[in-house]
Visitor: 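There's a structure below that I have some questions on.
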Amino acid sequence: MPYNFTSIEKKWQRYWQEHKTFRALDPKDAGGDGSPASNKPKAFVLDMFPYPSGTGLHVGHPEGYTATDIVSRYLRMKGFNVLHPMGWDAFGLPAEEYARKNNVHPSISTKANVENFKRQIQSLGLGYDWDREINTTDAAYYKWTQWIFLQLFNSYYDTRAKKALPITHLLNELENENYVVAPDYSVVLNSTTEGLEAISGETGIERRWTELSPEERQVVIDNHRLAYMAEVPVNWCPALGTVLANEEVIDGKSERGGYPVERRPLRQWLMRITAYCERLIEDLAPLDWSESIKEMQRNWIGRSIGAEVDFDLVDPPEGIDEPYVRVFTTRPDTLFGATYMVLAPEHDLVDRITVAEQKEAVARYRAQTASKSDRERQEGAKDKTGVSTGAYAINPVNDEKIPIWIADYVLTGYGTGAIMAVPAHDERDFEFAKKFGLPIRAVVKPSRQWLHDQSLAKFRALDPSQVVKTTAKETGQEISWDKLPAEMRQKITDAHRAAIRTVEEKLKTSTDAEWELVLGDYIREPGRFLAAMTEEGVAINSKFLDGMNTEEAKARMIAYLEETGDGRKRVNYKLRDWLFSRQRYWGEPFPIVLDEKGVAHSISESELPVLLPEIKDFKPTGTPEGPLSTIKDWLSFTPAANSQLSTLNSQLMRETNTMPQWAGSCWYYLRYLDPHNTERFVDPEKEKYWMPVDLYVGGVEHAVLHLLYARFWHKVLFDLGHVSTNEPFNRLVNQGMILGETEFHFFEYGGKAVSATEFEKLGDEAGEKGPQFVGYHRQTGERVVATRVEEMLVEKKGEKYVLKANPNVSVDARSFKMSKSRGNVVNPDKIVEDYGADAFRLYEMYMGPLEAQKPWNTRDIIGMSRFLNSVARNILGDEESHKVPNIQNAPLSDELERMMHRTIKKVGEDIAYLRFNTAIAELIKLNNEINKLDVLPRKLAEALVLLLAPFAPHLCEELWLTLGNAASVAHAPWPAYDQAKLESKTLELPIQVNGKLRSKITVPADASEADILGTAQLDAGVKQWIEGKTIKKAMYVPGRLVNFVVG
RNA sequence: CCGGGCGUGGCGGAAUCGGCAGACGCAACGGACUUAAAAUCCGUUGGGGCGUAAGCCCCGUGCGGGUUCAAGUCCCGCCGCCCGGACCA
């Protein structure tokens, strides 16, 4: 009979709650032995807090939570002061959408969802310190989100100090004239050389702060704030009625809901995250994160090193300040090969430089690209489009006059929105140049390998089916390749392959002289080749660069450009500033008021929080003002008499946008340290004790969004002296996704077996009217006909069957992401009910490595149930099977003692490295040995319970109590292992002959090498393999094996 | 196309430093207990072959090469799958 997990689990969950078993001690609290807790080693073990959706937990959530719970419980038993908190990320668009759908107020639905999540999490026995529970939608919490926003608003990034400083510092520097103002309202050092360098030798002259008008001063300040307002092209989503961050737009559609997104210029709040690009990349290196996540962040930030080059305009239009086109390139070494330029259609210069004859064509092209969504632009990527402006620019290195085009393959948002085109050495420029007949000039010498590959590719590219079509057109007959007799198709294909082989052979035997000819061809006319030569190589046709390799040539060219003032070295980033405002209701209001001129002012700290007003109709207005703008009596703001704002003498209006979903999650880990503090966001002493986070576990979906934003905020807080660490999360682990149960699919197409992948592809091509697909029910063998792949999923749950592969079809076993539409979602409540929380926890940890993707299989949980029942029987006994536990203070056999110590060592190490699956395997092994005993030594029983406690805490509490110990096992000391007792007195050594296993011998552990080799040679199993042969070499790898090399 | 990761029995997976491949669990098969079933317990289980038997031999970690006394593990070249990015100049 299985033990009664339901009552045991309820009992201990109640106990933990009542006794606050998992309370983390504040540094000043008494730490047990009388000294303050701050003397204890600390561990901050953090989960990514959930977004409480309406559907409750799925089995993916508990995977990470159980992992951190095991680590927390282990460390607590090891004597650490453990902080393991939980909270709710509850503001944001999805919660609001959910509320709208269910016709309730988001504050109500959020509360209900949180309660459900909490019930589910507690039913799993996860040991959180609930006294530290936080919720991002509580005014007491978002007061500090607003406060941090003000820190960002009132500071700037000082490029000299390479850190954020209060904006007052900037004002001081300006007033003292350490800094002066450049024409673009950026600030530069007041030193002629540095100042000039910083503004790139432009003609403008810096001005002193005192020479600026009040309006200009305001511009300077607002241009430097880390949180600022600006009119920028943004992602506006009409369906959601809000703007979205770049990170929330995928393939031109909203991440939430998949609605189309359009670009339009709007005045919005932004976070100057770009100021931190460099540090966000540099500081990744020492972190204990997976390489793939680091790489994803680096890619997202997208640093590229190159140069900025200015191309003077030929006949610049009147009244233009900057009569040149500035481009960014990563290949300044190819400047001699720049034969034309391309501007993004939206580029500012387009209107001004387009010649009269081209105005109409340009206008038409711009209208055409503007109507295209990002998605459509991407789809048309292969076919380049564009028009000439009729204007020309001068290539600064050779004074050549080159045409200026516009094309949508150049993006406004990256670099300067303009490029120099080097068609010989850039894939896109190459295609464009070929399409529009623009000159292509080689300036880098290709390698012989490249020429070889290209020569061969020319022949490979001649697809036989295309050749046939062409021929058919010439003879006036329409013969489609598919309709040719199979024999003929085969013949043509064979002939084609033979031709390729011949060419390949020929190329192999080509002489140097012949290669020189090919190279000559390339240099004369690179356009005749199939592709651009994008590899690095030796510069040619480039005057002073000739003969240099790419790296040298880049450096030389940059030096040259800096001498002449036509260009300079530059590092460019893909990352844009973070769009921080939303036109929605369910978010943190900004602690900002706007005066009559539209200038933003911060509300003083003493007036925080700015409460989110109660409102009945919270649906989006569809305008950039958002729903808060409809609350008329909330809008106008009267400052307190003692407030700085009262001196403005202006009608003040509240900011009506709200903050995005990410705001609250950018700093929540800090609030856990001091959740009830009303004076500060976190007490500095507590912050210093607990930070940084020692282990952070969560899904990979936050690799770039949350983790980048949080690092950015943390760095700002660090710069301003509010936190003590530069990075928040020392060790990050991403748990892999849990997929649905494996499904078996049989696929047939046109009477032929196909794989699922092929099948899906064919489905796409065939469309709805296309041929039907045939599959077989794997159990009944019933034939199923469908037009869509999804209809093929005919698997029935809970049935037993044997797979019998039909020779006409292929069998494909795959598991898919859990989703409502696929109907493969597993509800943890049901699993807890059927098997208990302990078995559920154990199963999730036993499935495989934490970081791996793995399929769920309910059937396998039974193994964990059996294990737990067996442990329970050994200690609690079982009436039905008349099992009476026989636990005595008996000594352990040598072998058992060794096994116990090894298990203690292995389980401890495995937990530290998050290898829970192998730790559990060890515990099962130990219990399997215990099953064989008539008398269970108490020492062994206690060790097993202690080692198992982090994994199956409910049962182990009960067992610990039964063994006569005081509750709770959560604070019992982790058992220690004795190094001396790990080793056996004898060794079993495998003996190899020529690397093949032939026998095994047992020798004393302290036997000498000579003795071992002697014994091994005499072994019967070995003798027959070495007899009559000479032993060339005999080796003994201490403790591992013996190998004889004979000949 | 680019970047990161992976490929081991019927299935999930183990082998941490190059040293006994398949730990542990599931499923399957055989047996014990039972009127029967469940539960529980014992045994077998990568493939092939030899032997009455104890036991022994050969093959085997996606494919093809290489390094090494020894390769799942390291190197080179392919194939396949998963994840992320992608007209980023």
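Just so it is clear, the values below take in all heavy atoms, side chains as well, and ignore hydrogens, waters and symmetry mates. In what follows, every chain begins at residue 1, and chains take the letters A, B, ... in the order their sequences are listed. Given the structure is predicted, the values throughout are model-derived calculations rather than measurements.
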Visitor: Using the C1' atom on both, measure B:A28 against B:U45 and round to a whole Å.
Guide: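 After rounding to an integer number of Å, I get 8 Å for this pair.
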
Visitor: Roughly how many Å apart are B:U8 and B:G62, using the C1' atom of each and rounding to a whole number?
Guide: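 B:G62 and B:U8 have their C1' atoms separated by 10 Å.
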
Visitor: When you get a sec, tell me which of B:C26, B:A21, B:G84 is the closest nucleotide to the side chain of A:Met296?
Guide: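 The answer is B:G84, which lies nearest to the side chain.
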
Visitor: Ignoring hydrogens and angles, state whether a donor on the side chain of A:Asp426 or A:Thr534 is under 3.5 Å from an acceptor on the partner side chain.
Guide: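 No, A:Thr534 and A:Asp426 have no side-chain donor paired with an acceptor closer than 3.5 Å.
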
Visitor: If each of A:Gly995 and A:Gln992 is mapped to the nucleotide of RNA chain B with the nearest heavy atom, which maps nearer the 5' terminus, i.e. the 5' end?
Guide: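 Comparing both residues, the 5'-ward one is A:Gln992.
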
Visitor: In whole Å, what separates the C1' atom of B:A21 from that of B:G9?
Guide: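 Each nucleotide's C1' atom is 11 Å from the other's.
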
Visitor: Go through the side-chain N and O atoms of A:Asp934 and A:Asn886 and say whether any donor and acceptor fall under 3.5 Å apart.
Guide: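 No donor-acceptor contact under 3.5 Å links the two side chains.
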
Visitor: When every nucleotide of nucleotides 6-17 of chain B is labelled 5' to 3' by its protein contacts under 4.0 Å (heavy atoms), B for base, S for sugar-phosphate only, - for none, what sequence of letters results?
Guide: ------BSS-B-

Visitor: Just checking, is any N or O donor in the side chain of A:Ser304 or A:Tyr414 under 3.5 Å from an acceptor N or O on the other one?
Guide: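 On atom types as modelled, these side chains qualify, holding a pair under 3.5 Å.
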
Visitor: Just by modelled atom types, is the A:Phe336 backbone N or O under 3.5 Å from a matching donor or acceptor in the A:Arg441 side chain?
Guide: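 Checked: pair present.
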
Visitor: Which nucleotide sits closest to the side chain of A:Asn928: B:C41, B:C58, B:C24?
Guide: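 Out of B:C41, B:C58, B:C24, the nucleotide with an atom closest to A:Asn928's side chain is B:C24.
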
Visitor: Touch check for A:Lys925, heavy atoms < 4.0 angstrom, all strands: base, sugar-phosphate only, or nothing?
Guide: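 If one applies the 4.0 Å heavy-atom cut-off, A:Lys925 turns out to touch the sugar-phosphate alone, with no base involved.
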
Visitor: Start at the 5' end of RNA chain B and walk down; is the nucleotide closest to A:Met737 or to A:Tyr573 reached first?
Guide: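 It is A:Met737 whose nearest nucleotide is closer to the 5' end.
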
Visitor: Between the side chains of A:Tyr365 and A:Thr385, does any donor sit under 3.5 Å from an acceptor?
Guide: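 There is such a pair (donor and acceptor under 3.5 Å, judged by atom type) between the side chains of A:Tyr365 and A:Thr385.
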
Visitor: In whole Å, measure the gap between the P atoms of B:U67 and B:G72 for me.
Guide: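 The same atom, P, in both gives a distance of 16 Å.
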
Visitor: Look at the aromatic rings of A:Tyr340 and A:Phe432 and report parallel, tilted or perpendicular, splitting at 30° and 60°.
Guide: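 The arrangement is parallel - the two ring planes meet at less than 30°.
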
Visitor: Between B:C69, B:C58, B:A89, which nucleotide gets closest to the side-chain atoms of A:Arg998?
Guide: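 Closest of the options to the side chain of A:Arg998: B:C58.
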
Visitor: Output the rounded distance in Å from CG (A:Leu739) to P (B:C82).
Guide: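 Taking CG of A:Leu739 and P of B:C82, I get 11 Å after rounding.
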
Visitor: Without decimals, in angstroms, what is the distance between A:Leu923 CG and B:G25 P?
Guide: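 Whole-Å distance recorded here is 12 Å.
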
Visitor: Just confirming the chi classification of B:G9, syn or anti, using 90° around 0 as the syn window.
Guide: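 Syn for B:G9; the angle stays within 90° of 0.
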
Visitor: Can you identify which nucleotide, out of B:C87, B:G4, B:U40, has its nearest atom closest to the A:Tyr409 side chain?
Guide: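 Closest nucleotide among those given: B:C87.
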
Visitor: Establish, with yes or no, whether the OP1 or OP2 oxygen of B:C57 is under 4.0 angstrom from a side-chain nitrogen or oxygen of A:Trp1025.
Guide: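 For B:C57, OP1/OP2 do have a side-chain N/O of A:Trp1025 under 4.0 Å.
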
Visitor: Could you tell me which nucleotide pairs with B:G7 by Watson-Crick or G-U wobble geometry, both distances under 3.5 Å, or answer none if nothing does?
Guide: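 Matched B:G7 with B:C79 under the 3.5 Å cut-off.
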
Visitor: Whole-Å distance between B:C20 P and A:Tyr1036 OH?
Guide: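 Answer to the nearest Å: 14 Å.
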
Visitor: Could you tell me the Watson-Crick or G-U partner of B:U16, where both distances fall under 3.5 Å? Say none if there is no partner.
Guide: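 Here B:U16 is not engaged in any pair, so there is no nucleotide opposite it.
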
Visitor: Taking side chain to side chain contact (heavy atoms under 4.5 Å, CB included) as the definition, give me every residue that meets it alongside A:Met737, ordered by chain and number, with sequence neighbours left out.
Guide: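 Checked A:Met737 against side chain to side chain contact (heavy atoms under 4.5 Å, CB included); matches are A:Leu739, A:Lys817, A:Gln853.
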
Visitor: Distance check, P atoms only: B:C58 and B:A70, in whole angstrom units.
Guide: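 16 Å, rounded to whole Å.
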
Visitor: Write down the distance separating the C1' atoms in B:C41 and B:A54, rounded off to the nearest Å.
Guide: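 It works out to 28 Å between them.
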
Visitor: With rounding to the closest Å, how many angstrom separate the C1' atoms on B:C24 and B:C33?
Guide: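 27 Å, rounded to whole Å.
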
Visitor: Tell me whether B:C17 sits syn or anti, counting syn as a glycosidic angle within 90° of 0.
Guide: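 In terms of base orientation relative to the sugar, B:C17 is syn.
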
Visitor: Can you confirm whether the side chains of A:Tyr409 and A:Glu431 place a donor and an acceptor under 3.5 Å from each other?
Guide: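 Judged by distance alone, the side chains do not pair up.
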
Visitor: Measuring from the side chain of A:Ile924 (C-beta onward, heavy atoms only), which nucleotide among B:G19, B:A21, B:C24 has the closest atom?
Guide: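 For the A:Ile924 side chain, the nearest candidate turns out to be B:C24.
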
Visitor: In the strands shown, is B:G46 matched to any nucleotide by a Watson-Crick or G-U wobble pair with both distances under 3.5 Å, and which?
Guide: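 Pairing partner, where one exists within any strand: B:C59.
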
Visitor: Rounded to the nearest Å, what distance is computed from the CG atom of residue A:Asn931 to the P atom of nucleotide B:C41?
Guide: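 Roughly 7 Å, once rounded to whole Å.
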
Visitor: When we call it a touch if two heavy atoms are under 4.0 Å apart, what does A:Ser290 touch: a base, just sugar-phosphate, or nothing?
Guide: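 Nothing, no nucleic acid heavy atom in range.
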
